[in-house]
Amino acid sequence: MAERITPRSESYSDWYVDIVLQAKLADYSPVKGCMVIRPRGYALWEHMQRAIDDMFKATGHVNAYFPLLIPESFIQREADHVEGFAPELAVVTHGGGEQLEEPLVVRPTSETIIWSMYKKWIQSYRDLPLLINQWANVMRWEKRTRLFLRTTEFLWQEGHTAHATAEEAREETLRMLEVYRRFAEDYMAMPVLTGLKTDAEKFAGAVETYSIEAMMQDRRALQSGTSHFLGQNFAKAFDVTFQTAEGSLDHVWASSWGVSTRLVGALIMTHSDDKGLVAPPRLAPTQVVTIPIFKNKNKTEVLAYADKLHRRLAERFRAEYDPDDANSPGWKFSEWEMLGVPVRVEVGPRDMENNTVVLARRDTGEKQSVDVEEAPEAVAALLEEIQSSLFARAKAFREENTREIDDYDELKAFFEADGGFAIAPWDGSPETEAQVKEETKATIRVLPEGNEKQAEGRTAIVSGKPARHMAVFAKAY
RNA sequence: CGGGCUGUAGCGCAGGGGCUAGCGCGCUCGGUUCGGGACCGAGAGGUCGGCGGUUCAAAUCCGCCCAGCCCGACCA
């Protein structure tokens, strides 16, 4: 079969690529590392965008748009920022047939251009807080790319906020981390761990970076969103000051936070199976597909029955209808399963006689027969049920593959075997972190909230010193 | 950016200096089918990844480049 999906057991990476291509989510472009997001993939992103954007608005943020091109000198203003991004910048050197006086960088992120503008817009504490988000594309010249997970150009949102105090900026950082957690769990049905990144893993230019981390089906961690407390780093680099109520002059405090089209990759790897994409109902491009099953002699009647049902469903759901007589029902079942549609409605002569329809759920394959009049209600209930059961299943999987490990040999063995998330006492030193990475390929994904307390009285792996943190180790994407 | 594998019709592949480049699936048209990837008949579809070289002759041999996948070093 030409359209076979490589089973996960055979090759997890091939499986992932097969799903992306065959569920028509994206395709390769002629330019290395770039991809075309196809309508079904883009629909997933649009539904994500809508939900996240609503959450931003509900927390007082407004959208704006800053330009793609940034003067090269801007990137160089903040020392860590330059160092972090220099190797992955795309630079425009020519325009209008002439060499530019100053090269322009294609934004890898927009802190610098945004803070250059904030300098103009902020004078007084009355101008604060400034809570701006933008939806944009960015470009990072990655060495090794993977569809959705790491592409040269990707779509994301980046929030950039300015505050009068460090406390406020910190609160904002954590508030947005929590927004991401809620989005991941409520919409993507993807359980995530939240916590602080170590210095080795934090964003170039941040004082502190927090992230949400999800476990994929191959037990590797995927960083799915980040929120940074920037301190006064960019305010100082761009000299953004404000006058306080008391009349003194102070640098502004900042946060920035983002999620990207990488979330589409996260969604795929969290739920899908060997038959194709499994999309959580709240984000699925199509939520319910109606497939009529007819013979030539009853075609007209069945199509009328199915079409009427489809139209009722379309009033409430993102619904599609597949009456094509070129393919058999069985073929359509497989096809729509590959595309990840959560609920399939089958209607044939037998259903017509009994005034029923058959509902099949994508996640388990289970079928049930329901009264045709109650079909929309039943579909609604089933979508809810699938949404929560996907979350429960993903969470159970993560828990089964999460272990608390005190002993370094055991940690090594853990990552030599199936791996997963290992929660281990850590002495807080970059050296031991690097050694673990060197010897196991696992890195510290996050330091969860309250981890310092849990580490009290314990002995750190590797060094044997008193532990300062309980760290979550995992192999990461 | 290093190591490995790959690139021939939309997809999966065969062919490996010589005459008109094949097969399966898909696609188009006509007909029969239809409750888990149906069938018959007729058709359309190829700069053999690109550029250059060797040769009377290159999909085939050689060089360079491009792209994809895997494994490493760097990253959302």
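So that the names make sense, note that chain A is the first sequence line, chain B the second, and so on, each numbered from 1.
Comparing the C1' positions of B/C25 and B/A58 gives an interatomic distance of 30 Å, to the nearest angstrom. Taking the C1' atom of each, B/A14 and B/G7 are spaced 15 Å apart, rounded to whole Å. Separating the P atom of B/A59 from that of B/C51 is a span of 12 Å, rounded to the nearest Å. Across B/G35 and B/G49, the matching C1' atoms stand 45 Å from one another, rounded to whole Å. With both ends at atom C1', the span from B/C62 to B/C71 equals 29 Å, rounded to whole Å. B/G45 sits 41 Å from B/G4 when the P atoms are compared, rounded to a whole Å. Using atom C1' as the reference point in both B/C64 and B/C23, the two lie 33 Å apart (nearest Å).
Ring centroid separation for the pair A/H160 and A/F234 does not come in under the 6.0 Å cut-off.
The side-chain hydrogen bond (donor to acceptor under 3.5 Å, both in side chains) contacts involving residues 83-93 of chain A comprise nothing, where partners must be two or more places apart or lie in separate chains. Sorted by first and then second residue, the side-chain hydrogen bond (donor to acceptor under 3.5 Å, both in side chains) pairs involving residues 289-302 of chain A (not counting sequence neighbours) are A/K299-A/D325. Residue pairs meeting the salt bridge (charged side-chain N to carboxylate O under 4.0 Å, His left out) criterion with at least one member in residues 38-48 of chain A, sequence neighbours excluded: A/R40-A/E320.
Ion pairing of A/E178 with A/R182 is absent here, as no side-chain N (NZ or NE/NH1/NH2) approaches a carboxylate O to less than 4.0 Å. The residues A/R50 and A/D54 are annotated as not salt-bridged, no charged nitrogen and carboxylate oxygen being separated by less than 4.0 angstrom. Using a 4.0 Å cut-off between a side-chain N of Lys or Arg and a carboxylate O of Asp or Glu, A/E439 and A/K412 qualify as a salt bridge. Between A/R175 and A/E172 there is a salt bridge, since at least one side-chain N of the basic residue sits less than 4.0 Å from a carboxylate O of the acidic one. Salt-bridge annotation for A/R312 and A/D307: absent, with no side-chain N of the basic residue lying under 4.0 Å from a carboxylate O of the acidic one.
Summarising the geometry, the separation between NZ on A/K32 and C1' on B/C69 is reported as 12 Å, rounded to the nearest angstrom. Taking atom CD1 of residue A/I293 and atom C1' of nucleotide B/G37, one finds them 14 Å apart after rounding to whole Å. Look at NZ on A/K332: it is 8 Å from C1' on B/C34, rounded to the nearest Å. Note: CG (A/D324) to C1' (B/C27) measures 13 Å, nearest angstrom. The CE atom of A/M338 sits 14 Å away from the P atom of B/C11 (whole-angstrom rounding).
In the model, A/W135 has a side-chain atom that pairs as donor or acceptor with a side-chain atom of A/D53 under 3.5 Å. For the residue pair A/S389 and A/D363, a side-chain donor N or O sits within less than 3.5 Å of a side-chain acceptor on the partner. Judged purely by distance below 3.5 Å, without hydrogens or angles, the side chains of A/T364 and A/R361 pair a donor atom with an acceptor atom.
Interface residues of residues 297-309 of chain A facing RNA chain B, ordered by number: none; criterion, heavy-atom separation under 4.0 Å. The stretch residues 346-374 of chain A touches RNA chain B through A/E346, A/G348, A/P349, A/R350, A/D351, A/V358, A/K367, each having a heavy atom under 4.0 angstrom from the strand.
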Extract all donor-acceptor atom pairs below 3.5 Å that involve side chains of residues 145-156 of chain A and protein atoms in other chains or at least two apart in sequence.
unit_1	atom_1	unit_2	atom_2	d
A/T151	OG1	A/E153	O	2.8
A/E153	OE2	A/N137	ND2	2.9
A/W156	NE1	A/E158	OE2	3.3

Which pairs of donor and acceptor atoms, one on a side chain in residues 210-226 of chain A, lie under 3.5 Å apart (sequence neighbours left out)?
unit_1	atom_1	unit_2	atom_2	d
A/Y210	OH	A/E208	OE1	3.2
A/S211	OG	A/E213	OE2	2.9
A/E213	OE1	A/R445	NE	3.2
A/E213	OE2	A/K197	NZ	2.6
A/Q217	OE1	A/R8	NH1	2.5
A/Q217	NE2	A/M269	O	3.2
A/Q217	NE2	A/T270	O	3.4
A/Q217	NE2	A/S272	O	2.8
A/D218	OD1	A/R220	N	3.2
A/D218	OD2	A/Y477	OH	2.5
A/R219	NE	A/N401	OD1	2.9
A/R220	NH2	A/A476	O	3.1
A/Q223	OE1	A/K197	NZ	2.9
A/S224	OG	A/L222	O	2.9
A/T226	OG1	A/H228	NE2	3.4

For RNA chain B, the dot-bracket notation using Watson-Crick and G-U wobble pairs below 3.5 Å, [ ] for pseudoknot-type crossings and | for other-strand pairs, is ((((((((.[[[[.)..(...]]]].((((((.....)))))).....[[[[[..)....]]]]])))))))....
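Between B/C69 and A/Y16, no contact under 4.0 Å exists linking OP1 or OP2 to a side-chain N or O.
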Contact pattern, 5' to 3', of nucleotides 70-76 of chain B - B, S or - by protein heavy atom under 4.0 Å: SBBBSBB
Nucleotides 38-43 of chain B: protein proximity per nucleotide (B base, S sugar-phosphate only, - neither; heavy atom, under 4.0 Å): S-----
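Scanning atom types as modelled, no donor and acceptor separated by under 3.5 angstrom connect the side chain of A/E337 and the base of B/G37.
For A/E377, the side-chain hydrogen bond (donor to acceptor under 3.5 Å, both in side chains) criterion is met by A/R316, not counting sequence neighbours. Taking A/S13 as the reference, nothing meets the side-chain hydrogen bond (donor to acceptor under 3.5 Å, both in side chains) condition, with sequence neighbours excluded.
When each of A/F294 and A/L147 is assigned the nucleotide of RNA chain B with its nearest heavy atom, A/F294 is the one assigned upstream, toward the 5' end.
We find the CE-OH distance between A/M35 and A/Y28 to be 10.0 Å, quoted to the nearest 0.5 Å.
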